[in-house]
Amino acid sequence: MPDEAKTLQAIKFDTEKIKLEILDQLVLPYSTTYIPIATTTDAFHAIKSMQVRGAPAIAIVGAFSVVVDTFNHLQSGNGERTIADLKSALAHLIKSRPTAVNLANALNDISSILSAYDDEHKVDHEVYDKIYKYAVQLYDDDLANNFKIGDNGLNYIVESLKSENFTGPFSIITICNTGSLATSGHGTALGIIRSTFSKLNQETSNHEFYLDHVYPCETRPYNQGAKLTTYELAYESIPFTLICDNMVSSLIASLSHSKVIHGKSSPVKFIIVGADRIVKNGDTANKIGTFQLATIASFFNATQNANIKFIVAAPRTTIDLDTADGAGIRIEERPQKELTTLVGPVLNGSQVGEKITVGIATPGITVWNPAFDVTPHALIDGIITENPKAYVKDKDGNYNLSA
Ligand code: MRU
């Protein structure tokens, strides 16, 4: 890697032909396959089945699917559609994944656009133009904001290391996939890693400290870290070593005692994660396993003065000021089979064969499979958004996310 066929573009929207395609993330990293999304129903299935995933990406695909669906209806002349019909399609699409707030925010914004018309009003070119403008703006803003998040995260890292007079190489742990594949491009948590690697290490003359190594967690049960984050890090030639989710404490302890793991011994100074919903008090829903990373950082900070910063990176579209705290977040529960089976292609040397399912648990057992957990704000050191100033707790331990 990288090779010509590989790409980090999760969403392709053709503004001339009004066609939407998504990179099928269920077959990455073994195959690069785009699939068409022509209706909101197609989007519903692609989002629910995780062919596209990541809070910002599903919001953008949801919004673009409304555009293509509306366009196709207008083109075909096959029966007229009312505002009420479109609103009920939006209400269905919102249900595809409940935890990430970005999808609901985007589709509610489109519903608000529709609210300017009576329910019986026909969806015409004027309505279409408004939806189109909204969706394109959502995509453009997300991309621009991700680059800002990357730079703001880098500034946070530099300030934080300077304030403790840290020098030398350091490592970062991350979880799930928060890169180009989960967004319009560049990424959030992975965007900070990308910006730090390219700017701190390569563009600046700052050699006081540098990002030496990244440890992506495998991210059971869906393995977004193993399949997608490693694919992105390899594509960008950022040095990394994959670990299982249950190796984090051992990794931090080993590196803090200068144990050399595959030639690397740089201490972990940051755990950087994305977010699916950050509520008013700063509690953050993100991929299952995130909470335990924050707990681990807190343990090493309390007992060994490790000064590991636990950072959440997300655009402000992920902030939900209407929910007071983490108890109000609905956590998606996914099918039991995601824990009891593994799905993937048969690998025979460099040959990628048929996709098969293998069993990895006792048949017929009870399984709990929440897709996300909630990290309490007390364990979060900073929330990095497109706003230049990182959100940090005030003296009473509160975040002021409305500013
Ligand atoms: O279940 P997923 O793969 O959609 O979960 C994704 C995550 O939890 C990401 O960390 C989050 O959406 C942020 S993506 C920039």
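Each ligand, and each atom within it, is numbered from 1 in the order the structure gives.
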Engineer: Is there a donor-acceptor contact under 3.5 Å from the side chain of Arg316 to the main chain of Asn387?
Structural biologist: no
Engineer: Determine which pairs satisfy side-chain hydrogen bond (donor to acceptor under 3.5 Å, both in side chains) with at least one residue from residues 290-302, sequence neighbours left out, and list them in order.
Structural biologist: Asn286-Thr290
Engineer: Is it possible for you to check whether Lys19 lies under 6.0 Å from the centre of the six-membered ring of Phe13, through NZ or CZ, and within 45° of that ring's axis?
Structural biologist: no
Engineer: Checking Thr99 side chain against Arg330 main chain: does a donor-acceptor pair fall under 3.5 Å?
Structural biologist: yes
Engineer: Return the residue, atom name and 0.1 Å-rounded distance of the protein heavy atom closest to atom 15 (C) of ligand 1.
Structural biologist: Thr188 OG1, 3.2 Å
Engineer: With a 4.0 Å cut-off on heavy atoms, does Ala371 reach ligand 1?
Structural biologist: no
Engineer: Find all atoms of ligand 1 within a distance of less than 4.0 Å from any non-hydrogen atom belonging to Arg97, and give their numbers and elements.
Structural biologist: 1 (O), 2 (P), 4 (O)
Engineer: Number the atoms of ligand 1 from 1 as they appear, then name those within less than 4.0 Å of a heavy atom of Asn286, with their elements.
Structural biologist: 7 (C), 8 (O), 9 (C), 10 (O), 11 (C)
Engineer: In terms of atom number and element, which parts of ligand 1 are under 4.0 angstrom from non-hydrogen atoms of Met50?
Structural biologist: 1 (O)
Engineer: Below 3.5 angstrom, do we get any N/O pair linking Gln224 and ligand 1?
Structural biologist: yes
Engineer: State, with a plain yes or no, whether a side-chain heavy atom of Leu401 is found less than 4.5 Å away from one of Leu321.
Structural biologist: yes
Engineer: Test of understanding: given a 4.0 Å heavy-atom threshold, classify the contact between Thr183 and ligand 1 as side chain, backbone, both, or neither.
Structural biologist: side chain
Engineer: Test the Lys309-Tyr156 pair against the cation-pi criterion, namely NZ or CZ under 6.0 angstrom from the six-membered ring centroid and within 45° of the ring axis.
Structural biologist: no
Engineer: For ligand 1, which atoms have a heavy atom of Asp276 less than 4.0 angstrom away?
Structural biologist: 7 (C), 8 (O), 9 (C), 11 (C), 12 (O)
Engineer: Check the angle between the aromatic planes of His377 and Tyr399 and answer parallel, tilted or perpendicular using the 30° and 60° thresholds.
Structural biologist: perpendicular
Engineer: Look at atom 13 (C) of ligand 1 and say which protein heavy atom is nearest, naming residue and atom and giving the distance to 0.1 Å.
Structural biologist: Ala275 O, 3.4 Å
Engineer: For atom 5 (O) of ligand 1, find the nearest protein heavy atom and state the residue, atom name and distance (0.1 Å precision).
Structural biologist: Lys287 CE, 3.3 Å
Engineer: Once the angle between the rings of Tyr128 and Tyr132 is folded into 0 to 90°, is it parallel (under 30°), tilted (30 to 60°) or perpendicular (over 60°)?
Structural biologist: tilted
Engineer: If the plane angle is over 60° it's perpendicular, under 30° parallel, otherwise tilted; pick one for Phe209 and Phe166.
Structural biologist: tilted
Engineer: Give the atoms of ligand 1, by number and element, whose distance to some non-hydrogen atom of Ala55 is under 4.0 Å.
Structural biologist: 12 (O), 14 (S)
Engineer: Just let me know how Pro56 lines up against ligand 1, side chain, backbone, both or neither, with a heavy-atom cut-off below 4.0 Å.
Structural biologist: side chain
Engineer: Would you mind running through ligand 1 and noting each atom that sits below 4.0 Å from a heavy atom of Phe372?
Structural biologist: 1 (O), 5 (O), 8 (O)
